[in-house]
Amino acid sequence: MSLADNGLLAGGVYARKQLFCKDCIVAWSHGSRFRLGRKLAEPLAGRRLLDYGCGDGTFVALVHDLFPNAVGADLDHKQTEDCARRFASLSGLTFLLTERLADRQYDGNFDIVFCMEVLEHCTEEVRARVLHDLHRLVWADGTVIISVPIEIGPSLVGKQVVRTLAGWRKLGDYQYTEHYTCRELWKMIFAGPRTAIDRPVYRADFIPGQPTFYHGHKGFNWSALLLQVRELFHVRRLRFSPLGWMGGLFSSQAWFLCQPK
């Protein structure tokens, strides 16, 4: 399946808002992320794959020809149920709640674990738990591939402009784009690994009676996360998309290709 085969994909919440967005820059940027993710996964085709935080299941569907037996996990039961229904025709795909991954049967059970656009939304405590989960779930010689948005440097300025314009057009959720004060914006444009600003915290009720607290993109610093990732993993390679040849200076996503320590 490719991004052009939109019959099954377009029904997903994420795909509808991002991959098939009417804003060509938004669609191009997010589409490039999945294309790079697929390219990074190709050398390990045929092995056991987990997409941790699979959302609407777009990625596992896109790599189904490479990984016919794959698992997508998400904390939102509505998402996993919708994925199971929409992708029922793709044999070998399993969707489950992330809480089920706590079962010891999944320890070291996956050759390759993807975690894309998840960690930026986690609070500090949850982020540490997710990283330990990734370390536990992949086998000793396996590969963990993490992608997160770049919300510092010149990229931040470009993103805020695109988001604001998309918000004016009432595309996706961009009308709810988080705003920076001048001081906050200046600080994040010139951010280093130790730079931080206050990050808004939001609440969602994915599981009845168990509120989930999360961040948006504002204040996320990928270079700070890299330091935390290196505590548990050997980061073998850094990649950036969609303008990988420019490094992280004018790109939208940072990628960490990791092996557990």
Side-chain angles (χ1 to χ4, degrees), residues 1-21 26-101 103 105-119 130 133-134 136-139 141-148 237 239 241-242 244 252-253 255-259:
M1 181 181 294
S2 69
L3 291 177
D5 301 324
N6 61 13
L8 295 178
L9 298 182
V13 174
Y14 176 87
R16 187 168 60 250
K17 292 179 180 179
Q18 308 289 8
L19 297 181
F20 304 110
C21 183
V26 172
W28 167 68
S29 176
H30 288 272
S32 70
R33 176 162 63 85
F34 285 101
R35 285 187 285 272
L36 179 55
R38 179 183 169 88
K39 182 178 180 180
L40 296 175
E42 284 177 350
L44 295 170
R47 301 188 185 183
R48 181 79 166 159
L49 178 143
L50 168 67
D51 185 3
Y52 189 108
C54 67
D56 66 4
T58 294
F59 184 68
V60 289
L62 286 174
V63 298
H64 182 249
D65 59 320
L66 300 175
F67 300 91
N69 294 294
V71 174
D74 200 87
L75 56 77
D76 185 350
H77 70 93
K78 292 181 181 178
Q79 287 273 41
T80 56
E81 290 169 3
D82 178 65
C83 288
R85 176 185 59 78
R86 282 190 297 113
F87 299 120
S89 61
L90 301 181
S91 62
L93 294 189
T94 301
F95 295 95
L96 47 78
L97 292 173
T98 49
E99 63 186 33
R100 287 186 53 191
L101 295 174
D103 192 309
Q105 68 172 309
Y106 295 109
D107 289 6
N109 194 50
F110 301 97
D111 301 289
I112 179 169
V113 177
F114 272 82
C115 182
M116 300 187 293
E117 312 301 291
V118 171
L119 292 167
V130 170
D133 270 354
L134 301 179
R136 173 178 59 83
L137 294 165
V138 71
W139 79 297
D141 292 324
T143 299
V144 172
I145 298 178
I146 296 168
S147 80
V148 290
R237 193 176 180 189
R239 292 288 299 271
S241 62
S252 185
Q253 297 93 26
W255 297 76
F256 311 152
L257 281 69
C258 312
Q259 287 185 313

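The residues of the chain are indexed from 1 along the displayed sequence.
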Might you point out which heavy atoms bring [X] and [Y] nearest each other, and give the distance in Å?
X: Asp103; Y: Arg136; answer: O-NH1, 4.2 Å
X: Thr143; Y: Val138; answer: N-CG2, 3.6 Å
X: Arg33; Y: Ser147; answer: CD-OG, 3.9 Å
X: Ala61; Y: Phe87; answer: CB-CE2, 3.5 Å
X: Cys115; Y: Val130; answer: SG-CG1, 4.4 Å
X: Trp255; Y: Ser241; answer: NE1-OG, 3.0 Å

From [X] [atom1] over to [Y] [atom2], what is the distance, rounded to the nearest 0.5 angstrom?
X: Thr94; Y: Asn69; atom1: OG1; atom2: CG; result: 8.0 Å
X: Ile145; Y: Cys258; atom1: CD1; atom2: SG; result: 8.5 Å
X: Arg48; Y: Asn109; atom1: CZ; atom2: CG; result: 5.5 Å
X: Leu50; Y: Phe110; atom1: CG; atom2: CZ; result: 4.5 Å

Are [X] and [Y] side-chain neighbours, meaning at least one heavy-atom pair lies under 4.5 Å?
X: Asp133; Y: Leu101; value: no
X: Arg38; Y: Leu62; value: no
X: Leu96; Y: Tyr106; value: yes
X: Ser252; Y: Pro242; value: yes
X: Phe95; Y: Gln79; value: no

| task | Check step by step if side-chain contact (heavy atoms from CB on, under 4.5 Å) holds for Asp111 and Leu44. | result | CA-CA 8 Å; Asp111 301 289; Leu44 295 170; 6.0 Å; no
| query | Quick check: does any side chain N or O of Asp74 sit under 3.5 Å from a backbone N or O of Gly55, one acting as donor and the other as acceptor? | reply | yes
| Can any side-chain N or O of Arg86 pair as donor or acceptor with the backbone N or O of Asp56 at less than 3.5 Å? |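 A pair under 3.5 Å: yes.
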| task | Before giving the answer on side-chain contact (heavy atoms from CB on, under 4.5 Å), spell out for Gln253 and Met116 the whole-Å C-alpha distance, their side-chain angles and the decisive distance to 0.1 Å. | result | CA-CA 10 Å; Gln253 297 93 26; Met116 300 187 293; over 6 Å; no
| query | Of Asp76, Asp82, Thr80, which is the lone residue that meets side chain to side chain contact (heavy atoms under 4.5 Å, CB included) with Lys78? | reply | Asp76
| message | The criterion is ring-ring contact (aromatic ring centres under 6.0 Å, His included); which residues satisfy it with Tyr52, sequence neighbours excluded? | response |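 For Tyr52 there are no ring-ring contact (aromatic ring centres under 6.0 Å, His included) partners, ignoring immediate neighbours.
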| query | In terms of the angle between their ring planes, are Phe114 and Phe59 parallel, tilted or perpendicular, with boundaries placed at 30° and 60°? | reply |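 Plane angle between 30° and 60°, so tilted.
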